[in-house]
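Accompanying notes for the structure given below.
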Amino acid sequence: MSQIGLASLEKLMPATTFSTSNDTYKQLLAGGGVFQIPRFQRDYSWTEENWEDLWSDIDDLMQGNDADAHYMGYLVLQPKPDRTLDIIDGQQRMTTLSLLVLSGMRKIRDLVQAGIDPANNETRLGEIRRTYIGQIDTVSLSVDSKITLNRNNDDYYQTYLTTLRDMPARGFKASEHLMRKATEWFQRRLNEYLVATGRPEVEHGVAIAELIDTVSRGLFFTVITVDDELNAYKVFETLNARGVKLAAPDLLKNYLFSLISRDTAGAAHDRELDQVERRWSDILERLQSENITAYLRTYWGANHAFVRQSELFKVIKRSIADREQAYRLITGLEDGVETYLSLTQPDQSGWAGEDRENAKLLKLFSVRQPFALLMAMQDKIPEGFSQVLSGIVNITFRYNAISNLQANEQERTYSRVAIGISQGSYTSAAEVLRELRSIYPNDEVFRANFSVKAFDTSNNRNKQIVRYILAKIDAQNSQTAYVSPPSEISVEHILPENPADNWPLFSETEAASSVYRLGNMMLLEESLNRRAGNLAFIQKKPLYADSNLLPPSQLAIVDWDWDGSQIENRQRQLAIVATGIWRVSQLHP
């Protein structure tokens, strides 16, 4: 693994920009280096699965299984002018190893307080602290720490962990809770280890000191020291280290912050990073449960180019090369959040009337491909936004909901037009809609697909789509305004979903292929639907006649017999009506 990674690095950049060495954890900490996790690196995020994995490696070392050393992957460091070393990659592993050492120190401290070999254990405690954690100030009792965490985690680490104080559990960040839980987890494992050794309690201090020494000498890293920030992040992107892998937003944040901090220093540098950190945090806070990677990809598709998720960071990084561009990107991301959230969470948006209803329909259809275009419209041609949103709902209904055509080409088309909007190539809603002709199934194709469409209504989303379709068609047939059907209106399957032997016109195979056809479904009051149940068609007809929902053109159902040909005929009639409803006028002669 090491050789593959280094070979990739040598192809990526000259060897003069970085140096490598293999160092144990003890060599790193005992060598006088002071390690610093940059303030904008991600918070502590390892969980029990990661702790368990590390402990398994430790157990192998202590048992002498296979080897007396274990490889911990890459540690990417960048020297700073104040003789500290920024940890560009490896902060999760370095932090966790520090928590392991602190857990052992807590156990030795407990032995001292219990009067068990106090003098020797006090000596052990001080030596372990000096080697791995840092010198303690005898007045303030604070620690001149060998490792400094990021801005969100360092206060908790220095205040409660390095000082061996009691760890409060309330009112702290999730990452701080994880550090506390990790410390407690390792303490439990250490207790189990001590029991397993069978050594008397008076020797427990020795056993813990031996474990820490064995671990620190047996765990080794390939240390890559890089000369400047941009080269550091090139290395960071190339390596596939053992720690929690960063997603595109984390990589992007680190890279943007490195660009912004490159040309400032001192107090001005800190103020600037504080401000940028707040702006980035505000973006994440507003997005909440929304996928930040999806938002980044949508924003980039609206303003720059179509990009696959796997290539997102690489593509953005190629386009953002200085502080001005970094700030422009952050500002753009801030400006686009409101439209994106209104599309993804329409019920909570500030939109009203038709825009909100159309956004809800896109959500119902589970389609996000048009979001880039709609974000560009809201930014550049806001006066045409509602018209384009309405047109895209009809395109989506034809292309996705009914025809089930490939979404990949559709997304590329939306992104191409979105970029045209952002660049000023299109200036009106009509121009934009005409550019979407390639993803608009024509009347003949749509009518043919609608005529055979089936929706399995055991799926709730499909049931909601069917309610929408039937309500729109009923409104058209009765020449009334469409109203979203209330919850007491249900979908009736004329041929029941579980027909009994009172439906002799359908074989078992015919029933299975017909029951979820649109031509076999209608809207009916819930009370009548329950009464209809699995009744024979002749028994259902009087119930249908009692309904207040059927438009005059559909009342003929009560005069029909019901078999496969009737379902076919009715669905063809519905398809004709649907073709006129879901139409984009700009895409017809």
Side-chain angles (χ1 to χ4, degrees), residues 24-32 35 44 46 51-52 54-64 70 93-149 156-169 176 178-219:
T24 66
Y25 182 65
K26 185 163 189 173
Q27 288 171 325
L28 289 167
L29 273 296
F35 298 91
Y44 186 70
W46 269 23
W51 308 329
E52 186 71 57
L54 175 60
W55 186 262
S56 176
D57 297 336
I58 291 170
D59 189 54
D60 285 343
L61 283 173
M62 299 307 296
Q63 298 295 330
H70 186 84
R93 285 161 286 156
M94 289 291 283
T95 302
T96 305
L97 287 172
S98 178
L99 297 178
L100 168 64
V101 172
L102 289 166
S103 299
M105 290 174 61
R106 285 175 179 270
K107 179 61 180 174
I108 296 175
R109 187 271 317 271
D110 292 345
L111 293 172
V112 171
Q113 292 177 347
I116 300 171
D117 196 16
N120 289 329
N121 280 329
E122 190 71 62
T123 300
R124 292 184 186 105
L125 189 63
E127 190 59 32
I128 292 170
R129 183 190 301 280
R130 283 189 293 274
T131 303
Y132 302 102
I133 304 301
Q135 295 282 2
I136 190 167
D137 187 292
T138 56
V139 177
S140 68
L141 300 183
S142 62
V143 176
D144 186 10
S145 185
K146 287 178 175 284
I147 182 169
T148 301
L149 306 191
Y156 190 89
Y157 176 75
Q158 305 298 350
T159 302
Y160 299 107
L161 298 178
T162 64
T163 59
L164 307 186
R165 289 171 58 184
D166 290 342
M167 298 176 289
E176 293 169 328
L178 280 176
M179 290 194 294
R180 174 181 57 80
K181 290 177 180 177
T183 304
E184 294 170 345
W185 190 91
F186 282 120
Q187 285 181 267
R188 291 193 296 272
R189 283 309 185 100
L190 287 171
N191 287 333
E192 294 168 3
Y193 169 77
L194 291 172
V195 171
T197 64
R199 297 168 78 163
E201 194 171 29
V202 71
E203 295 182 15
H204 282 186
V206 178
I208 290 174
E210 289 175 348
L211 181 144
I212 292 174
D213 187 65
T214 301
V215 168
S216 67
R217 293 175 185 275
L219 299 180

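When a residue number appears, it is its place in the shown sequence, counting from 1. As a basis for the values below, the full set of heavy atoms in this structure was taken, side chains included, without hydrogen atoms, waters or symmetry mates.
- For Leu190, the side chain to side chain contact (heavy atoms under 4.5 Å, CB included) partners two or more places apart in sequence, or in a different chain, are Trp55, Ser103, Leu211.
- For the atom pair NE2 of His204 and OH of Tyr193, the computed distance is 10.0 Å after rounding to the nearest 0.5 Å.
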Set out, in order, the CA-CA distance, both residues' side-chain angles and the distance that settles side-chain contact (heavy atoms from CB on, under 4.5 Å) for Tyr44 and Thr96, then state yes or no.
CA-CA 9 Å; Tyr44 186 70; Thr96 305; 2.8 Å; yes

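- Under the rule for a ring-ring contact (aromatic ring centres under 6.0 Å, His included), the partners of Tyr160 that lie at least two apart in sequence or sit in another chain are Tyr156, Phe172.
- Side-chain contact between Leu219 and Leu61 is present, with heavy atoms from C-beta onward closer than 4.5 Å.
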Evaluate Glu122 against Leu125 for side-chain contact (heavy atoms from CB on, under 4.5 Å), listing each step before the verdict.
CA-CA 5 Å; Glu122 190 71 62; Leu125 189 63; 4.1 Å; yes

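- Side-chain contact between Leu54 and Leu97 is present, with at least one heavy-atom pair separated by less than 4.5 Å.
- Looking only at distances, no side-chain donor or acceptor of Arg106 sits under 3.5 Å from a matching main-chain atom of Gln187.
- Formation of a donor-acceptor pair under 3.5 Å by the Ser56 side chain with backbone atoms of Glu52 is not found in this model.
- Under the rule for a salt bridge (Lys or Arg N to Asp or Glu O under 4.0 Å), the partners of Glu203 that lie at least two apart in sequence or sit in another chain are Arg199.
- Considering only residues two or more places apart in sequence or on other chains, Arg124 meets the salt bridge (Lys or Arg N to Asp or Glu O under 4.0 Å) condition with Asp117.
- A 4.5 Å side-chain heavy-atom check between Tyr132 and Met105 finds every atom pair outside the cut-off.
- Judged by distance alone, the side chain of Arg129 and the main-chain N or O of Thr162 form a donor-acceptor pair under 3.5 Å.
- Taken to the nearest 0.5 Å, the NE2 atom of His70 stands 9.5 Å off from the CD1 atom of Ile58.
- Taking 4.0 Å as the cut-off between side-chain N and carboxylate O, Arg180 and Glu184 count as a salt-bridged pair.
- The salt bridge (Lys or Arg N to Asp or Glu O under 4.0 Å) check on Lys181 picks up nothing, with sequence neighbours excluded.
- Every residue two or more places apart in sequence or in another chain that forms a salt bridge (Lys or Arg N to Asp or Glu O under 4.0 Å) with Asp213 is listed here: Lys26, Arg217.
- Rounding to the nearest 0.5 Å places CG of Leu100 at 12.5 Å from OG1 of Thr95.
- Between the side chains of Tyr157 and Ser98, at least one donor N or O lies within less than 3.5 Å of an accepting N or O.
- With Leu164 as reference, Leu102 is the one residue of Ile108, Ile133, Leu102 to meet the side-chain contact (heavy atoms from CB on, under 4.5 Å) rule.
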